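Accompanying notes for the structure given below.
Every value quoted in this text rests on a predicted model; they were computed, and no experiment measured them.
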Amino acid sequence: MKAVFLDYESLDKQDLDFSQLRAAFDDLILYPSTTAEQVLARIQDVDVVISNKVIVNAEAMEQCKNLKLILISATGTNNIDLDYARSKGIVVCNCQGYGTSAVAQHTLTLMLALATSLLKYEHAVKQGEWNKSPIFCLLDFPIVELSGKTLGIIGYGELGQAVAKLAEAFGMKILVASLPNRPPHKDRTPFAELLAQVDFLSLHCPLTAETRDLIDAQAFDKMKKSAFLINCARGGIVNEPALAEALRQGKIAGAATDVLSVEPPTQGNVLLADDIPNLIITPHSAWGSVDARQRIVNQMLENVDEFKQGKVIRQVNG
């Protein structure tokens, strides 16, 4: 079997073990990245295509001679024309659950950074403010304990549950949101009611038509002025101009996001303005622990091994 990985640099920073995956093929070519113009030439003669974010559309697949399997080195499938692949008997498999621990850890990291004013204190020390203090410490910025606070979670799948488990270890009370226009659920709190109660709101739902701009100006108006927002889901779930204004106007106490609506923000983003107070932005790095990225490689190996045996796991176009 001949295989090609179209954009391995989106996964590997020279810190992963590809030896077993290489051994699964007679030939595996690793390209750091691939442009749209290069796709066809690189996939037309292979049996297996591996892609993280490179688009493999119907036009490209139509001209492939031997393509049998597409491995997505991520969970999202929007870069592959799944319907066309199905119509041609091309199996498409993704990777699942590999980043749960990493993203849950990052979520709590952002919560703690906001709660302790960590970045403000670190900056103050570097600016020499501690040196000038008349007492032994600096207490210039608010510090909030997680213990006893209420965490609202939107999206209670594997990741939301992992965050809840970590938060409970800090003594937090957990509320799970029932999204608007959904039937009542005895173990969940209606969305509007939850917004008014939470001290921290953490997002872990997919971006869909239902959740796009879910956290908008009206949502911020319902939240406590002391509340914090954390988004390690997708950028479009939060209306970014509304978040910027909510922070400027003090409608909420702070926010942290690992995601933006367009990534990377090559054309800028309203949240990158330098006058927005108490906002932490990380570059979609929550998932990227070496452990999580190695799990992706290992899952792709499992997908290939099962396919060779006439079985299919993690298929997304069945």
Would the distance check show the side chain of [X] and the main-chain N or O of [Y] forming a donor-acceptor pair, the cut-off being under 3.5 Å?
X	Y	answer
N298	L301	no
D213	D216	no
S117	K120	no
N303	N94	yes
D199	T150	yes
Q315	V91	no
Q44	Q63	no
D47	K68	no
K2	D26	no
S73	V297	no

Shortest non-hydrogen contact from [X] toward [Y]:
X	Y	answer
A60	L40	O-CD1, 3.8 Å
N52	I72	O-CG2, 4.3 Å
T75	C95	OG1-O, 2.8 Å
K53	A74	NZ-CB, 4.0 Å
L243	A255	CD1-CB, 3.9 Å
I90	M61	CD1-SD, 4.0 Å

Mind checking the [atom1]-[atom2] spacing from [X] to [Y]? Nearest 0.5 Å is all I need.
X	Y	atom1	atom2	answer
S226	F200	OG	CZ	9.0 Å
R234	L214	CZ	CG	15.5 Å
D27	M1	CG	CE	12.0 Å
F220	I252	CZ	CD1	5.0 Å
L110	L114	CG	CG	7.0 Å
L201	L203	CG	CG	5.0 Å

May I ask whether [X] and [Y] are part of the same hydrophobic cluster, defined by side-chain heavy atoms of I, L, V, M, F, W, Y residues being less than 4.5 angstrom apart, directly or through others?
X	Y	result
F25	V92	no
L21	V49	no
V259	I230	no
F18	V4	no
I237	V176	no

Sole residue of T35, I50, I43, I55 in side-chain contact (heavy atoms from CB on, under 4.5 Å) with L6: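 For L6, the side-chain contact (heavy atoms from CB on, under 4.5 Å) check succeeds only for I43.
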
[X] atom [atom1]: more than 12 heavy-atom contacts under 6.0 Å:
X	atom1	answer
Q20	CD	no
Q249	CD	yes
K165	NZ	no
Q218	CD	no

Should K65 and D45 count as an ion pair when the cut-off is N to O under 4.0 Å?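 Answer for the salt bridge query: yes.
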
Using a strict threshold of under 4.0 Å (side-chain N to carboxylate O), is an ion pair present between K149 and E145?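 No, this pair does not count.
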
side-chain contact (heavy atoms from CB on, under 4.5 Å) between V163 and L108, intermediate numbers included: CA-CA 7 Å; V163 169; L108 266 292; 4.0 Å; yes

Going by the side-chain hydrogen bond (donor to acceptor under 3.5 Å, both in side chains) test, which pairs reach into residues 170-188, not counting sequence neighbours?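 Qualifying pairs: R182-E210.
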
Pairwise side-chain contact, [X] with [Y], heavy-atom cut-off 4.5 Å (strictly under):
X	Y	result
V56	D81	no
I154	S202	no
F170	S147	no
E168	I174	yes
M111	F228	no

Do S51 and N79 get their side chains close enough for a donor-acceptor pair, meaning under 3.5 Å?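 There is such a pair (donor and acceptor under 3.5 Å, judged by atom type) between the side chains of S51 and N79.
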
Please tell me whether E129 and N131 have a donor and an acceptor in their side chains that are separated by less than 3.5 angstrom.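 Absent: no donor and acceptor within the cut-off.
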
For the pair W287 and Y98, name the ring-plane relationship: parallel under 30°, tilted 30 to 60°, perpendicular over 60°.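 Perpendicular.
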
What residue pairs, at least two apart or across chains, pass salt bridge (Lys or Arg N to Asp or Glu O under 4.0 Å) with a residue in residues 90-103?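 Non-adjacent pairs meeting salt bridge (Lys or Arg N to Asp or Glu O under 4.0 Å): zero.
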
Filter on salt bridge (Lys or Arg N to Asp or Glu O under 4.0 Å), then keep only pairs touching residues 284-302, sequence neighbours left out; what's left?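 Non-adjacent pairs meeting salt bridge (Lys or Arg N to Asp or Glu O under 4.0 Å): D15-R293, E302-R314.
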
For T77 and L82, run side-chain contact (heavy atoms from CB on, under 4.5 Å): C-alpha distance rounded to whole Å, both residues' side-chain angles, the deciding distance at 0.1 Å, then the answer. CA-CA 8 Å; T77 62; L82 299 181; 3.7 Å; yes

Show me, pair by pair, the donor-acceptor contacts under 3.5 angstrom made by side chains of residues 271-285, not counting sequence neighbours?
unit_1, atom_1, unit_2, atom_2, d
D275, OD1, R248, NE, 3.3
D275, OD1, R248, NH2, 2.8
D275, OD2, R248, NE, 3.1
N278, ND2, A253, O, 2.7
T282, OG1, H106, NE2, 3.0
T282, OG1, D258, OD1, 2.6
H284, ND1, E263, OE1, 2.6
H284, ND1, E263, OE2, 3.2

Tell me, please, which residues at least two apart from N269 pass side chain to side chain donor-acceptor pair (under 3.5 Å).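 E240.
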
Sequence neighbours left out, what passes side chain to side chain donor-acceptor pair (under 3.5 Å) with T100? Give chain and number order.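 E158.
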
Just checking F141 against Y121, ring centres under 6.0 Å apart?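 Yes, close enough.
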
Given Q197 and T189, is the side-chain contact (heavy atoms from CB on, under 4.5 Å) satisfied, shown in steps? CA-CA 10 Å; Q197 296 181 50; T189 304; 4.1 Å; yes

side-chain contact (heavy atoms from CB on, under 4.5 Å) between I215 and N239: does it pass, once the steps are laid out? CA-CA 6 Å; I215 310 301; N239 183 288; over 6 Å; no

